[in-house]
Amino acid sequence: MNVRTRFAPSPTGRLHLGNIRAAVFNWLFARRHDGAFVVRLEDTDVDRNVEGAEAQLLEDLAWLGVDWDEGPDVEGPHGPYRQSERMKLYRAAGEKLWAAGQAYPCFCEEGEGEESDPADPGFRRYSGRCRALSPAEAHRRVDAGEPYVMRLAAPLQGTIEVMDEVRGAISVPAEDIDDFVLLRADGRPTYNFAVVVDDVDMKITHVVRGSGHLSNTPKQALLFDAFAVPRPVFAHHAQILSPEGGKLSKRSGARAVADYRAEGFLPEALLNYLSLLGWSDPEGREVLTRDELIAAVSIERLGASDALYDPEKLRWVGSQHMARLSLDEIVAGVRPFLRAAGPPVGEWSGEVLESAVEALRTRLSAFGDVVEHLHYFAPSDEARTVALAAVRQDGSARTVIGAVAVAFAALPDREWTPAGLKAAIVQAGRDTGIRGKGLYTPVRLAVTGQEHGPDVARILHVIGREEALARLAEV
RNA sequence: GCCCCCAUCGUCUAGUGGCCUAGGAUCUCGCGUUCUCAGCGCGAAGACCGGGGUUCGAGUCCCCGUGGGGGUACCA
């Protein structure tokens with residue numbers, strides 16, 4: 001079978017962690033089987049469409065490395081790929097179902113003709129009143145221009161069974177699904193109808209999505225049946241919930257894909273983390289490349305229970321991917337963030353830049369993290385004041401600083417390197433008879449204003465002779 | 001209200017009746033490496049939601065309860 005999957009977002013805003021999850025799996029799955037991945041825009045709700053959202057959405061997908069074979073901006077044999085441009089198709093599909101006796105026009109006002117149950121306050125269901133109309137009358141009234149909606153002639157009794165690849169067979173009583181609306185009075189399709197018409201037309205073979213869509217599935221299955229086409233494979237995976245377990249909303253950490261991008265997060269790492277929610281590698285690996293994910297992905301390994309978004313683990317995955325990068329790659333990734341930080345760090349280049357990145361690389365989950373660690377090179381005034389005071393109070397420390405300053409001053413320029421500086425410090429230690437902590441800490445304090453941080457020699461290399469000597473002289 | 005789905009360490013998960021005195025990852029803590037921090041290595045702590053069944057045997061199967069998620073729209 002030629003696998004075809006799709007991602008069908010609404011252009012209502014940025015792509016979020018929640019909605020991207022389905023895109024990731026569908027894409028991985030299509031690639032795994034050399035199939036096609038289709039992007040379709042569900043923009044039938046004109047009021048909710050947001051200007052520019054479509055372009056951003058595609059941009060976010062592209063950044064993630066999720067590429068599509070057919071979509072709004074790619075010609076394909078099953079287009080157009082915007083629902084707003086497919087209106088004729090939905091109407092035609094409605095007519096077809098009517099002609100086949102699977103649907104019927106309904107002339108009731110909205111809310112009219114519904115059954116209710118005094119014993120069950122929340123109960124509401126369309127009675128099927130217009131279903132009883134004779135074909136002749138229905139046609140007469142439609143032809144007369146009377147407003148109507150098209151409803152599905154849903155099964156009256158029995159149970160509707162749907163096969164879900166993740167959770168097995170699920171069934172719902174037929175009475176719980178009424179003759180829902182397919183085409184609105186203004187001719188626009190409802191969500192469930194548009195989805196199925198498109199999935200049929202676009203020959204979608206696997207519908208993989210979050211468990212939130214599970215309750216739509218029986219309705220959609222009924223529609224596939226009404227069209228007399230085979231149902232696609234349905235698979236409902238875990239949905240992403242907020243860290244607290246509630247719905248993933250902006251407040252609860254549902255960040256836009258674009259935010260991660262802006263922070264310099266590695267797209268491959270985000271892809272990796274997302275795939276880990278509700279899916280597990282048969283070999284138990286947790287850090288996987290794009291290609292490894294494609295090779296490993298399968299519906300069988302999808303989980304049924306919802307997963308909580310865990311920013312901590314995301315960071316860890318990010319750091320793991322970062323660790324696999326070469327120094328050059330990190331330098332390149334970090335450069336824009338350094339530039340934005342302004343001088344002097346914005347002007348680092350060559351060996352100095354490399355040294356700085358080498359000093360910081362184990363602390364990065366994303367390129368943008370680099371700015372949080374710049375204080376190691378450019379300490380705040382308060383930090384230095386406090387640190388300097390501590391050094392001045394300590395006779396041994398002052399001795400060290402003096403010796404180190406002398407050693408540094410004598411260091412040829414070409415030896416102003418991490419190795420050369422380290423040697424100079426060691427030499428100063430020998431001269432003063434002070435070693436270990438007593439030797440390094442005063443230097444670190446005087447230079448960085450902090451007790452902890454990356455290799456002191458590296459920091460000295462980065463800040464340069466002039467600045468380094470100036471700081472030591474302040475003691 | 002009614003319908004559907006879900007339920008293993010705080011979190012992500014492995015586990016398809018005996019291999020489970022429940023494994024891995026993250027997080028936390030300790031030790032080691034090291035001038036310190038980060039990283040890395042090693043170790044510790046930490047879970048089968050509750051109650052009934054079925055079975056020689058249940059984390060694994062069934063039922064009920066509880067909790068969570070979703071639906072119940074001429075929203076998507």
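Values below: every heavy atom of this structure, side chains too, minus hydrogens, waters and symmetry copies. Numbered from 1 within each chain, the chains take letters A, B, ... in sequence-line order.
Among the heavy atoms of the strands lying under 4.0 Å from A:Arg48 is at least one base atom, whether or not backbone atoms are also near. A:Arg167 comes within 4.0 angstrom of the backbone, heavy atoms only, and of no base. As judged by a 4.0 angstrom heavy-atom cut-off over every strand, A:Gly438 is placed among residues making no nucleic acid contact. A:Ala307 comes within 4.0 angstrom of sugar-phosphate atoms only, judged by non-hydrogen atoms across all strands, and of no base. Contact annotation for A:Leu439: no contact, since no heavy-atom pair falls under 4.0 Å across all strands. Looking at heavy-atom distances under 4.0 Å, A:Glu42 makes contact with sugar-phosphate atoms alone, never a base. Contact annotation for A:Gly212: backbone-only contact, meaning every heavy-atom pair under 4.0 Å involves sugar-phosphate atoms and none involves a base. Counting non-hydrogen atoms under 4.0 angstrom, A:Cys108 reaches a base of the nucleic acid. Across all strands shown, A:Val172 has heavy atoms under 4.0 Å from sugar-phosphate atoms exclusively, and none from any base. Contact annotation for A:Pro218: no contact, since no heavy-atom pair falls under 4.0 Å across all strands. Note on A:Ser171: only backbone sugar-phosphate atoms sit closer than 4.0 angstrom, heavy atoms only; bases stay farther off. If you check every strand for non-hydrogen atoms under 4.0 Å, A:Asn216 touches a base. Across all strands, A:Gln320 comes closer than 4.0 Å only to sugar-phosphate atoms, never to a base (heavy-atom distances). Within the 4.0 angstrom heavy-atom criterion, no nucleotide atom of any strand lies near A:Asp178.
B:C62 and B:G18: their P atoms are spaced 16 Å apart (whole Å). Rounded to the nearest Å, the gap between the C1' atom of B:A14 and that of B:C74 is 47 Å. Separation of the P atoms belonging to B:U11 and B:C27 is 16 Å when rounded to the nearest angstrom. A distance of about 10 Å separates the P atoms of B:A38 and B:C29, rounded to the whole Å. As rounded to the nearest Å, B:G39 and B:A45 have C1' atoms that lie 23 Å from one another. The separation of B:U26 from B:G46, taken at their C1' atoms, amounts to 13 Å, rounded to a whole angstrom. On the C1' atoms, B:C48 is 24 Å away from B:G43, given to the nearest whole Å. A gap of 29 Å separates the C1' atoms of B:U13 and B:U54, to the nearest Å.
Side chain to side chain, A:Gln427 and A:Arg430 meet the donor-acceptor criterion of an N or O pair below 3.5 Å. In this structure, a donor-acceptor pair under 3.5 Å is present between the side chains of A:Arg209 and A:His236. Remark: the A:Arg458 side chain and the A:Ser355 side chain contain an N/O donor-acceptor pair separated by less than 3.5 Å.
The residue among A:Asp176 and A:Leu364 whose nearest nucleotide of RNA chain B is located toward the 5' end is A:Asp176. Looking at which nucleotide of RNA chain B each of A:Gly278 and A:Glu312 is closest to, the 5′-most match is held by A:Gly278.
Comparing B:G1, B:C2, B:A14 by their closest approach to the side chain of A:Phe123 singles out B:G1. Here the side chain of A:Tyr440 is nearest to one of B:C12, B:C35, B:C4, namely B:C35. The nucleotide whose nearest atom lies closest to any side-chain atom of A:Ser215 is, among B:U13, B:G71, B:C12, B:G71. Set against B:C4, B:C12, B:G15, the side chain of A:Pro173 has B:C4 as its closest nucleotide. Nearest to the side chain of A:Arg124, among B:C12, B:C74, B:C37, sits B:C74. When distances run from any side-chain atom of A:Arg444 to the nucleotides B:G10, B:C35, B:G15, the shortest one goes to B:C35. The side chain of A:Val456 lies closest to B:C35, out of B:C74, B:A76, B:C35. The listed nucleotides are B:C3, B:C74, B:C5; the one nearest the side chain of A:Val149 is B:C74. Looking at the side chain of A:Asp455, the nearest of the listed nucleotides B:A25, B:A76, B:C35 is B:C35. With B:U11, B:G15, B:U72 as the candidates, the nucleotide lying closest to the side chain of A:Lys219 is B:U72.
Aromatic ring centroids of A:Trp68 and A:Tyr81 lie 6.0 Å or more apart.
One interatomic measurement links the two molecules: CD1 of A:Ile160 to C1' of B:G71, which rounds to 14 Å at whole-angstrom precision. If you take CG of A:Leu277 and C1' of B:C6, they are 16 Å apart, rounded to a whole angstrom. Atom pair A:Leu302:CG and B:C5:P shows a separation of 18 Å (rounding to whole Å applied). In this structure, the CG atom of A:Asp186 is 13 Å from the P atom of B:C74, given to the nearest Å. Taking atom NZ on A:Lys437 and atom P on B:C35, their separation rounds to 11 Å, with Å as the unit. When the C1' atom of B:C4 is taken as reference, atom CD of A:Gln220 falls 14 Å away, rounded to whole Å. Straight-line distance from the NE2 atom of A:His237 to the P atom of B:G70: 14 Å, rounded to whole Å. For the pair A:Asp120 CG and B:U72 P, the computed distance is 16 Å after rounding to whole Å.
Of the side-chain N and O atoms in A:Ser211, none sit less than 4.0 angstrom from OP1 or OP2 of B:C6. A sub-4.0 Å separation between OP1 or OP2 of B:G39 and a side-chain N or O of A:Arg361 is absent. Within the structure, every side-chain polar atom (N or O) of A:Gln239 is placed at least 4.0 Å from both OP1 and OP2 of B:G71. Between A:Thr44 and B:A76 there is a side-chain polar atom (N or O) within less than 4.0 angstrom of OP1 or OP2.
Counting distance only, with no hydrogens placed and no angle test, the side-chain atoms of A:Ser10 and the base atoms of B:A76 include no donor-acceptor pair under 3.5 Å. Scanning atom types as modelled, no donor and acceptor separated by under 3.5 angstrom connect the side chain of A:Asp164 and the base of B:C5.
The cationic atom of A:Lys313 (NZ for Lys, CZ for Arg) does not lie both less than 6.0 Å from the six-membered ring centre of A:Tyr273 and within 45° of the ring axis. Geometrically, A:Arg141 does not engage A:Tyr148 in a cation-pi contact defined by less than 6.0 Å to the ring centre and at most 45° from the axis. The cationic atom of A:Arg151 (NZ for Lys, CZ for Arg) does not lie both less than 6.0 Å from the six-membered ring centre of A:Phe180 and within 45° of the ring axis. Remark: A:Arg255 is positioned above the aromatic ring of A:Tyr260, its terminal NZ or CZ atom under 6.0 angstrom from the ring centre and at most 45 degrees off the axis.
B:G65 and B:C49 make up a base pair, with Watson-Crick or G-U wobble contacts both under 3.5 Å. Base pairing of B:G39 is made with B:U33, judged by Watson-Crick or G-U wobble geometry with both donor-acceptor distances under 3.5 Å. Under the Watson-Crick and G-U wobble criteria, each requiring two contacts below 3.5 Å, nucleotide B:G1 is paired to B:U72. Pair assignment for B:G10 gives B:U26, based on Watson-Crick or G-U wobble hydrogen-bonding distances that are each under 3.5 Å. Across all strands shown, B:U60 remains unpaired; no Watson-Crick or G-U wobble contact has both distances below 3.5 Å.
Heavy-atom contacts from other residues, nucleotides or ligands closer than 6.0 Å to CD of A:Glu372 number more than 12.
Rounding to the nearest 0.5 angstrom, the gap separating the CG atom in A:Asp310 from the CG atom in A:Leu277 is 8.5 Å.
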